Amino acid sequence: MIRTEKLTKVYRTDEVETTALNNVEINIKEGEFVSVMGPSGCGKSTLLNILGMIDSPTAGNYFFNEEEVGHLSERGRSNVRKHNLGFVFQSFNLIDELTVFENVELPMLYTKVPRSERKSRVEELLEGMNIMHRRNHFPQQLSGGQQQRVAVARAVVNKPKLILADEPTGNLDSANGDEVMKMLADLHATGTTILMVTHSQYCAEFGNRIIRMLDGQVVTENIVKQYL
């Protein structure tokens, strides 16, 4: 599903040049759950942004489902992104002015899903995540754990092929963090491919493989449990 060749990202100002990624080469198969670890500043978030088609590489190639997408225009990346990817962020990134229902529904508006189908999909997800009773509440009326459940529901409502999770438990206590990791594990069990950036070894081991980064490079890859 994902393949990179000598992926490089350099940030330049008038006086400083910073290499965030240096010839990164990774392969992720459809159906895998891969965790990316490393110290702050090692390039994890830059990698996630490029793989999520939010940013583009300075050099090298990024293939998604065998199509080179790293050097597409912003419009081209957006088209691929909205039909294939779901995002879960540490800070939830919910829209305060929208209700729980409206936040989860939002990605389907961009992909022009009919209204009746939008309603049934949102209600099914909210029921499954035990937050249907909060459907008309606003994000600031929810606990952190509830907000992240809404964020996960929004990420999966368009049935994406790939979920990118950036420190999804970083702002949660251990109980709510466990709940979010169980949701991701359940999604993986249904065949969804997951790539997660985390500082937590405990969370990383929910995946079947751990990639460790340092100074913009992949330094090790370890199998946690066999991918079938």
Side-chain angles (χ1 to χ4, degrees), residues 1-2 4 7 9 20-22 24-52 54-55 85-94 103 125 128-131 139 142-156 160-228:
M1 174 177 275
I2 286 174
T4 68
L7 202 67
K9 182 66 178 181
L21 296 176
N22 185 10
V24 171
E25 299 200 348
I26 62 171
N27 284 278
I28 297 173
K29 297 177 183 178
E30 186 172 354
E32 277 197 285
F33 186 155
V34 177
S35 304
V36 180
M37 300 190 74
S40 296
C42 73
K44 302 187 305 296
S45 292
T46 299
L47 177 64
L48 203 69
N49 285 340
I50 291 176
L51 298 184
I54 295 170
D55 200 356
L85 307 184
F87 295 87
V88 181
F89 302 96
Q90 176 178 348
S91 55
F92 316 135
N93 284 12
L94 300 176
N103 266 283
L125 278 170
M129 294 185 178
N130 196 29
I131 46 174
L142 308 179
S143 68
Q146 289 171 333
Q147 289 187 60
Q148 194 61 297
R149 272 185 274 170
V150 175
V152 171
R154 181 186 60 188
V156 303
K161 296 180 176 69
L162 172 66
I163 290 179
L164 299 172
D166 190 3
E167 295 283 357
T169 65
N171 285 337
L172 302 176
D173 59 34
S174 58
N176 282 311
D178 278 350
E179 190 173 310
V180 168
M181 289 311 304
K182 183 179 182 302
M183 281 191 284
L184 292 178
D186 288 345
L187 289 167
H188 174 237
T190 67
T192 304
T193 307
I194 298 175
L195 179 65
M196 177 181 68
V197 164
T198 182
H199 280 102
S200 165
Q201 181 69 32
Y202 170 75
C203 292
E205 290 180 1
F206 276 80
N208 54 272
R209 182 155 55 101
I210 298 175
I211 295 173
R212 295 184 187 273
M213 297 184 66
L214 184 66
D215 297 334
Q217 296 180 305
V218 171
V219 290
T220 63
E221 292 191 40
N222 302 105
I223 301 295
V224 178
K225 45 184 172 285
Q226 192 62 45
Y227 166 68
L228 299 176

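As the structure is a prediction and not an experimental result, all values here were calculated from the model. Below, each value reflects all heavy atoms present in this structure, side chains not excepted, and no hydrogens, waters or symmetry copies.
The main-chain N or O of A204 is never found under 3.5 Å from a side-chain atom of T198 such that the two would form a donor-acceptor pair. In this structure, the side chain of Q148 engages the main chain of F89 through a donor-acceptor pair within 3.5 Å. Put simply, the side chain of E221 never gets that close to the backbone of R209: no donor and acceptor are under 3.5 Å apart. In terms of modelled atom types and a separation under 3.5 Å, the side chain of K44 and the main chain of V36 share no donor-acceptor contact. Not one N or O on the side chain of D166 forms a donor-acceptor pair closer than 3.5 Å with the backbone of V197. Counting only distance, with no hydrogens or angles, the side chain of N208 and the backbone of F33 share a donor-acceptor pair below 3.5 Å. The backbone N or O of M37 sits nowhere less than 3.5 Å from a side-chain atom of H199 that would complete a donor-acceptor pair.
Heavy-atom contacts from other residues, nucleotides or ligands closer than 6.0 Å to CG of D215 number 12 or fewer.
Between R149 and E179 a salt bridge is recorded (basic side-chain N to carboxylate O distance below 4.0 Å). Taking a cutoff of 4.0 Å between a charged side-chain nitrogen and a carboxylate oxygen, D178 and K182 do not qualify as a salt bridge.
Atom OG of S174 sits about 13.5 Å away from atom CE of M181, to the nearest 0.5 Å. Interatomic distance, L51 CG to L164 CG, rounded to the nearest 0.5 Å: 7.0 Å. N103 contributes atom CG, which lies 12.5 Å from atom CZ of F92 (distance to the nearest 0.5 angstrom). To the nearest 0.5 angstrom, D55 atom CG is 11.0 Å from L47 atom CG. Going from atom NE2 of H188 over to atom CZ of F206 covers 12.5 Å, rounded to the nearest 0.5 Å. For the atom pair CE of M196 and CG of L48, the computed distance is 11.0 Å after rounding to the nearest 0.5 Å.
Between I2 and V34, the closest side-chain pair of non-hydrogen atoms is not below 4.5 Å. Between V152 and L187 there is a side-chain heavy-atom pair separated by less than 4.5 Å. Annotation: side chain of K161 is not in contact with side chain of T193 (no heavy-atom distance under 4.5 Å). Contact of the N222 side chain with the R212 side chain is registered, since non-hydrogen atoms from C-beta on lie closer than 4.5 Å.
In terms of heavy-atom proximity, L7 sits nearest to I50 at CD2-CG2, 4.0 Å. When all heavy atoms of S91 and N171 are compared, the closest pair comes out as CA-ND2, 3.8 Å. Nearest heavy-atom pair, T4 versus V24, reported as atom, atom and distance to 0.1 Å: OG1-O, 2.9 Å. Considering every non-hydrogen atom in both C203 and T169, the closest pair reads SG-OG1, 3.6 Å. Taking both residues in full, the closest heavy atoms of L162 and M1 are given as CB-SD, 4.0 Å, listed atom of the first, atom of the second, then distance. Minimum heavy-atom separation, N93 to R154: O-NH1, 2.8 Å.
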With side chain to side chain contact (heavy atoms under 4.5 Å, CB included) as the criterion, how do F87 and I54 come out once you've worked through the C-alpha distance, each side chain's angles and the decisive distance to 0.1 Å?
CA-CA 11 Å; F87 295 87; I54 295 170; 3.8 Å; yes

